[in-house]
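For reference, the structure is listed below as structure tokens.
None of the values given here were measured: they were computed from a predicted structure.
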Amino acid sequence: MKASNLIFATQRENPSDAEIVSHKLMIRAGLTRQVSSGIYNWLPTGKKVLHKVENIIREEMNNAGAQEILMPMVQPISLWEESGRRNQYGPELLVFQDRHENEFCLGPTHEEVITDLCKNILTSYKQLPITLYQIQTKFRDEIRPRFGVMRSREFVMKDAYSFDLNQEGLDLTYKNIREAYLKIFQRFGLDYRLVKADSGAIGGSDSEEFHVLADSGEDLLAFSDKSDYAINAELLVELQEDQDPASLEGKDSPDGKGKLKLKRGIEAGHIFKLGKKYSESFNLKVQGDKENITPYMGCYGIGASRIVAAAIEQNHDDKGIIWPNSLSPYEVAIVEANPKGKEDISAKCGEIYNQLIENKIDVLWENTDKRPGVKFADMELIGIPVMIIIGDKALESNQLELKIRKDEKPLMVSQEDLLNTLKELN
Ligand code: ATP
Ligand code: MG
């Protein structure tokens, strides 16, 4: 992509309503713009990051054998009456009427729609187990939308739903999706913890959350310094009765291994064994060998748009975002450090640009006539992992200057070594 064809929309000032750094940087780097409280536009650079998040999720869900579908955002409220959740869900459910005075809601989640759908498409036990997922826009009328897309009203979620013949089947499917989630979070390149999310989870693991570690996280996590034991601190306090969560630091880990450490986390994913709650209320049955079987369900969410904010919350400095390679809107930026319109510099940039594209490297060519200093600042704000700087110096010495966003130490490489060096950096 050439910068001359792009809307960057970077800005130097922090938005006045932004409390946390990811919100500030997403506006300043031109990733998003607010439309209304908790409702955002995604600009080209932001959409590219969101797309990378979604594609990592998509690939690993497909690898795990799940099948992608797309369900509607608008749901008839009658489905919520059938599940008994209409009143239980509360005011986060945005309900409205169509011209015929039929009631609908904007989907905050899709257990009702998927169970209703599966009544239609699942007939025989031979079709199970099956996991269906979508990557789709959700709406929750949050009481206090804040932190930009971190807690917005409209957001993008990957939600998956599994159907199994019995509890053992559900246990296996849950384990399989859990494995897929570990791969997904690994590929995001984020420091995360998998934590037990409910008391039932102490023995088994009926509900677990994936948290991205960051000081601004809303949840306090307690985890062992010796094992992979990790739990929501509030929950541990409840289980151990009237302690202050902060007092857990340094105590023995409940699994008998090591001491507890406390850190804050951002809930980014949630996996959950639902059992027969929805299949029973919707009377979903498949024909078995001898009798009809009510399937055991599981549900598995990842907040795709929240991941973008969480990644920034964890990876930034005072110049801007520092993307993990897998999420960066571009893998590499070529910065044309021009004395305006110098043709041989432009030609060299073009040559390298084409070479990178041929090698399937996602590259941005900063070819505008902005001052080099402004270009550098923009690329650092947007957080692109590697800048290749091409100016007079590069032409004369036949050496390209690489600036690595993470450690900022410049690296000199010849054009012949460029591809190998980029590969090594990745
Ligand atoms: P929270 O406790 O943060 O409100 P939740 O328990 O309501 O989350 P789930 O219903 O489990 O969330 O939704 C699955 C995922 O969707 C969450 O792990 C989170 O990543 C994302 N998510 C939930 N609410 C929002 C929101 N308001 N804005 C952005 N992402 C959200
Ligand atoms: Mg919530």
Could you pull out the closest heavy-atom pair between R153 and S36, with the gap in Å?
-> NH2-OG, 4.1 Å
Which class fits the ring pair W80 and Y89: parallel under 30°, tilted 30 to 60°, perpendicular over 60°?
-> perpendicular
Begin from the C-alpha positions of H211 and Y192 and carry the test side-chain contact (heavy atoms from CB on, under 4.5 Å) through to its verdict.
-> CA-CA 5 Å; H211 282 259; Y192 71 95; over 6 Å; no
Are any of the side-chain nitrogens in K259 or D252 under 4.0 Å away from the carboxylate oxygens of its partner?
-> yes
For residues 133-159, pull every pair meeting ring-ring contact (aromatic ring centres under 6.0 Å, His included), keeping only residues two or more places apart or in separate chains.
-> none
Taking atom types as modelled and ignoring hydrogens, do the side chains of Y161 and D159 form a donor-acceptor contact shorter than 3.5 angstrom?
-> yes
May I ask you to decide whether R151 forms a salt bridge with E267, counting only side-chain N to carboxylate O separations under 4.0 Å?
-> no
Is there a donor-acceptor contact under 3.5 Å from the side chain of E92 to the main chain of D141?
-> no
For Q127 and I121, indicate whether the former's side chain and the latter's backbone hold a donor-acceptor pair under 3.5 Å.
-> yes
Short question: side chain of K52, backbone of S328 - any donor-acceptor pair under 3.5 Å?
-> yes
What are the two closest non-hydrogen atoms of N176 and A64, and how far apart are they?
-> ND2-O, 3.2 Å
Is there a donor-acceptor contact under 3.5 Å from the side chain of W323 to the main chain of I312?
-> no
Check whether the side chains of H110 and Q75 place a donor and an acceptor atom closer than 3.5 Å, and report yes or no.
-> yes
E331 side chain reached by N426 side chain, heavy atoms, under 4.5 Å = yes
Test: K48 cationic atom under 6.0 Å from Y330 six-membered ring centre, within 45° of axis = yes
Do any N or O atoms from the side chain of E101 and from the backbone of Q97 form a donor-acceptor pair under 3.5 angstrom?
-> no
N102 side chain to D98 main-chain N or O, any donor-acceptor pair under 3.5 Å?
-> no
Donor-acceptor contact present, side-chain N5 to main-chain M1, <3.5 Å = no
Can you name the side chain to side chain contact (heavy atoms under 4.5 Å, CB included) partners of I293, sequence neighbours left out?
-> Y125, L165, V286
Is it possible for you to check whether K403 lies under 6.0 Å from the centre of the six-membered ring of F376, through NZ or CZ, and within 45° of that ring's axis?
-> yes
Work out which heavy atom in V335 is nearest to a heavy atom in M387; give both atom names and the distance.
-> CG2-SD, 3.7 Å
Does the side chain of E313 pick up a donor-acceptor pair with the side chain of S216 at under 3.5 Å?
-> yes
Minimum-distance pair of heavy atoms, taken over all atoms of S279 and M297 = N-SD, 3.9 Å
Step by step, would you call L50 with W42 a side-chain contact (heavy atoms from CB on, under 4.5 Å)?
-> CA-CA 9 Å; L50 187 56; W42 286 78; 3.9 Å; yes
Can you tell if the side chain of L284 reaches within under 4.5 Å of the side chain of P295, non-hydrogen atoms only?
-> yes
In plain terms, say whether K261 and D225 are close enough for a salt bridge, that is, a side-chain N and a carboxylate O under 4.0 Å apart.
-> no
How about L418 and L402: do any of their side-chain heavy atoms sit closer than 4.5 Å?
-> yes
Would a 4.5 Å heavy-atom cut-off, applied to side chains only, mark Q67 and T131 as touching?
-> no
Any donor-acceptor N or O pair under 3.5 Å, side chains Y278, R85 | yes
Decide whether T32 and Q34 meet the rule of one side-chain donor and one side-chain acceptor closer than 3.5 Å.
-> no
Short side-chain donor-acceptor distance under 3.5 Å, S162 and Y300 | yes
Verify whether one side chain among E208 and Y174 offers a donor that lies under 3.5 Å from an acceptor in the other.
-> yes
Give a yes or no on whether the backbone of A214 and the side-chain of R264 come within a donor-acceptor separation of less than 3.5 Å.
-> no
Are any of the side-chain nitrogens in R405 or E380 under 4.0 Å away from the carboxylate oxygens of its partner?
-> no
Determine yes or no for a side-chain-to-main-chain donor-acceptor pair under 3.5 angstrom, with E366 supplying the side chain and T368 the backbone.
-> yes
Candidate pair K196 and Y229, rule side-chain contact (heavy atoms from CB on, under 4.5 Å), full reasoning | CA-CA 8 Å; K196 297 172 200 309; Y229 181 90; 3.7 Å; yes
Less than 4.0 Å between a side-chain N and a carboxylate O, is that true for K375 and D369?
-> no
Start with the C-alpha gap between S346 and E336, add the side-chain angles, then the distance that decides, and say whether side chain to side chain donor-acceptor pair (under 3.5 Å) holds.
-> CA-CA 7 Å; S346 292; E336 187 170 338; 2.5 Å; yes
Report the C-alpha separation of R58 and E68 in whole Å, then their side-chain angles, then the decisive distance to 0.1 Å, and conclude whether the salt bridge (Lys or Arg N to Asp or Glu O under 4.0 Å) test is met.
-> CA-CA 8 Å; R58 180 173 281 121; E68 185 167 4; 2.8 Å; yes
Side chains of Q167 and D171: is there a donor and an acceptor less than 3.5 Å apart?
-> yes
Here the pair of heavy atoms bringing S83 nearest to E112 is OG-OE2, 2.6 Å
Are any side-chain N or O atoms of S326 and backbone N or O atoms of R187, one a donor and one an acceptor, separated by less than 3.5 Å?
-> yes
Charged N-O contact under 4.0 Å between D215 and K263 | no
Just wondering, are more than 12 heavy atoms of other shown residues or ligands nearer than 6.0 Å to CD in E19?
-> yes
If you count the non-hydrogen atoms of other residues, nucleotides and ligands that lie under 6.0 Å from CZ in R371, is the total more than 12?
-> no
Salt-bridge criterion met for K226 and D255 (N-O under 4.0 Å) | no
Identify the two heavy atoms, one from M61 and one from I177, that lie closest to each other, and give their separation to 0.1 Å.
-> CE-CD1, 4.1 Å
